[in-house]
> 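Below is the structure I would like to discuss, written out as structure tokens.
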Amino acid sequence: MYILIPGPGPLGCPESYLRGITSTRYRIGQLYMISKHSHEQSDRGEGVEVVQNEPFEDPHHGNGQFTEKRVYLNSKLPSWARAVVPKIFYVTEKAWNYYPYTITEYTCSFLPKFSIHIETKYEDNKGSNDRIFDNEAKDLEREVCFIDIACDEIPERYYKESEDPKHFKSEKTGRGQLREGWRDSHQPIMCSYKLVTVKFEVWGLQTRVEQFVHKVVRDILLIGHRQAFAWVDEWYDMTMDDVREYEKNMHEQTNIKVCNQHSSTVDDIESHAQTST
């Protein structure tokens, strides 16, 4: 999936300034968006519990950040999926962020043959690097999907006019009110390249589940990047230390919303999974 994102640089600034601002500033916007979005989507015992969030060093990728989360989402599943999973259901998310390269993995103890693997790379271009994942995906069949944060439709239940890039205009940067064809005329611009691999090795359900998950991933990425753009005035002046502190505070608040209901059910989930397998 290729996601084009307008850079948050102020209008009229020199080209030398624009060249470096997209990927650098977007990192802060990404962390801010994930924390705020997770908090907003966590309610009535469903949402995202942060289990671990700490610095991590990889011998190949260097310094990064590792996070582990539990995503409780039973009511968000389609009816046919709710029929086969327990109500005390969560997905484990593990992420290694070596920005501008990240790895995210999703697994479920109840469904041991299910997994999602997402690799992300960020570049300051219009999605023109068709070979960006050649080394990682040389043996995989790939379908390229471009995501336009301004013009692609999102599920109606998630639509907010204040988060619509066609209507939003930033007071701090002057960017916004994106129109058809914006990606051919706007500067600065960057692309979030994502290689998404879904596996569900259960006969009779494999194709249906994999297609459903790809659609859900696409919708989540589209909504999240629309929000990152529409919330730019909230995070634009932040430093990396500022956004890490914001992230820590939001994680604590979100855990309170989610964990009170689920703290006593984790053992039940794992016991259920072992019995099922």
> I'd like to check the salt bridge (Lys or Arg N to Asp or Glu O under 4.0 Å) partners of Asp58; sequence neighbours left out, ordered by chain and number.
none

> For His117, what residues pass the ring-ring contact (aromatic ring centres under 6.0 Å, His included) criterion, not counting sequence neighbours?
none

> Are Val51 and Phe56 connected in a single hydrophobic cluster, I mean Ile/Leu/Val/Met/Phe/Trp/Tyr linked by side-chain heavy atoms less than 4.5 Å apart?
no

> If you compare all heavy atoms of Asp148 against all heavy atoms of Asp152, which two are closest, and at what distance to 0.1 Å?
N-OD2, 2.9 Å

> Parallel under 30°, tilted from 30 to 60°, perpendicular over 60°: which one fits the rings of Phe133 and Tyr193?
perpendicular

> Can you check side chain to side chain donor-acceptor pair (under 3.5 Å) on Tyr122 and Gln30, steps first, answer last?
CA-CA 12 Å; Tyr122 305 91; Gln30 176 200 45; 2.5 Å; yes

> In chain order, what residues pass the side chain to side chain contact (heavy atoms under 4.5 Å, CB included) check against Glu234, with sequence neighbours excluded?
Tyr32, Lys36, Trp231

> Applying side-chain contact (heavy atoms from CB on, under 4.5 Å) to Lys172 and Val232, what does each step give before you reach the verdict?
CA-CA 8 Å; Lys172 292 185 177 180; Val232 62; over 6 Å; no

> Mind checking side chain to side chain contact (heavy atoms under 4.5 Å, CB included) for Glu180 and listing every partner two or more places apart, or none if nothing turns up?
Cys151

> Where the side chain of Ser35 meets the backbone of Leu31, is there a donor-acceptor pair that is under 3.5 Å apart?
yes

> Thr239: which residues meet the side chain to side chain contact (heavy atoms under 4.5 Å, CB included) condition with it, sequence neighbours left out?
Asp241, Asp242

> Under a plain distance cut-off of 3.5 Å, with no hydrogens placed, do Glu119 and Tyr101 share a side-chain donor-acceptor pair?
yes

> Enter the distance from Thr67:OG1 to Asn97:CG here, rounded to the nearest 0.5 Å.
8.0 Å

> Among all residues two or more places apart in sequence or in another chain, which pass the salt bridge (Lys or Arg N to Asp or Glu O under 4.0 Å) test with Arg179?
none

> Looking at Thr104, is its backbone amide N or carbonyl O close enough to the side chain of Lys94 to form a donor-acceptor pair, meaning the two atoms are under 3.5 Å apart?
no

> Considering residues at least two apart in sequence or located in another chain, which fulfil the salt bridge (Lys or Arg N to Asp or Glu O under 4.0 Å) criterion with Glu57?
none

> Test side chain to side chain donor-acceptor pair (under 3.5 Å) on Lys194 and Thr120 and set out the steps.
CA-CA 4 Å; Lys194 294 185 178 288; Thr120 306; 2.9 Å; yes

> I'd like to check the salt bridge (Lys or Arg N to Asp or Glu O under 4.0 Å) partners of Lys166; sequence neighbours left out, ordered by chain and number.
Asp164

> Who are the ring-ring contact (aromatic ring centres under 6.0 Å, His included) partners of Phe168, not counting sequence neighbours?
Phe229

> Please name all residues satisfying side chain to side chain donor-acceptor pair (under 3.5 Å) with Lys248, sequence neighbours left out, ordered by chain then number.
Glu252

> What closest approach, in Å, do Gly29 and Ala228 show between heavy atoms, and which atom pair accounts for it?
O-CB, 4.3 Å

> Within the structure provided, determine whether Glu105 and Ser115 are in side-chain contact (heavy-atom separation under 4.5 Å).
no

> Are any of the side-chain heavy atoms of Met240 and Ile28 separated by less than 4.5 Å?
yes

> Start with the C-alpha distance between Arg218 and Cys145, add both sets of side-chain angles, then the distance that settles side-chain contact (heavy atoms from CB on, under 4.5 Å), and finish with yes or no.
CA-CA 9 Å; Arg218 184 189 184 282; Cys145 172; 3.5 Å; yes

> Quick one: are Asp219 and Pro155 in side-chain contact, heavy atoms under 4.5 Å?
yes

> Is it the case that the side chain of His37 and the backbone of Met33 share a donor-acceptor pair, with hydrogens and angles ignored and the cut-off at 3.5 Å?
no

> Do the side chains of Glu163 and Arg226 get nearer than 4.5 Å, heavy atoms only?
no

> Could you work out, with side chain to side chain donor-acceptor pair (under 3.5 Å) as the rule, every residue matching Ser170, not counting sequence neighbours?
Thr173, Asp233

> Just jot down the side chain to side chain contact (heavy atoms under 4.5 Å, CB included) partners of Gln52, sequence neighbours excluded, or say none.
Glu54, Phe66, Glu68

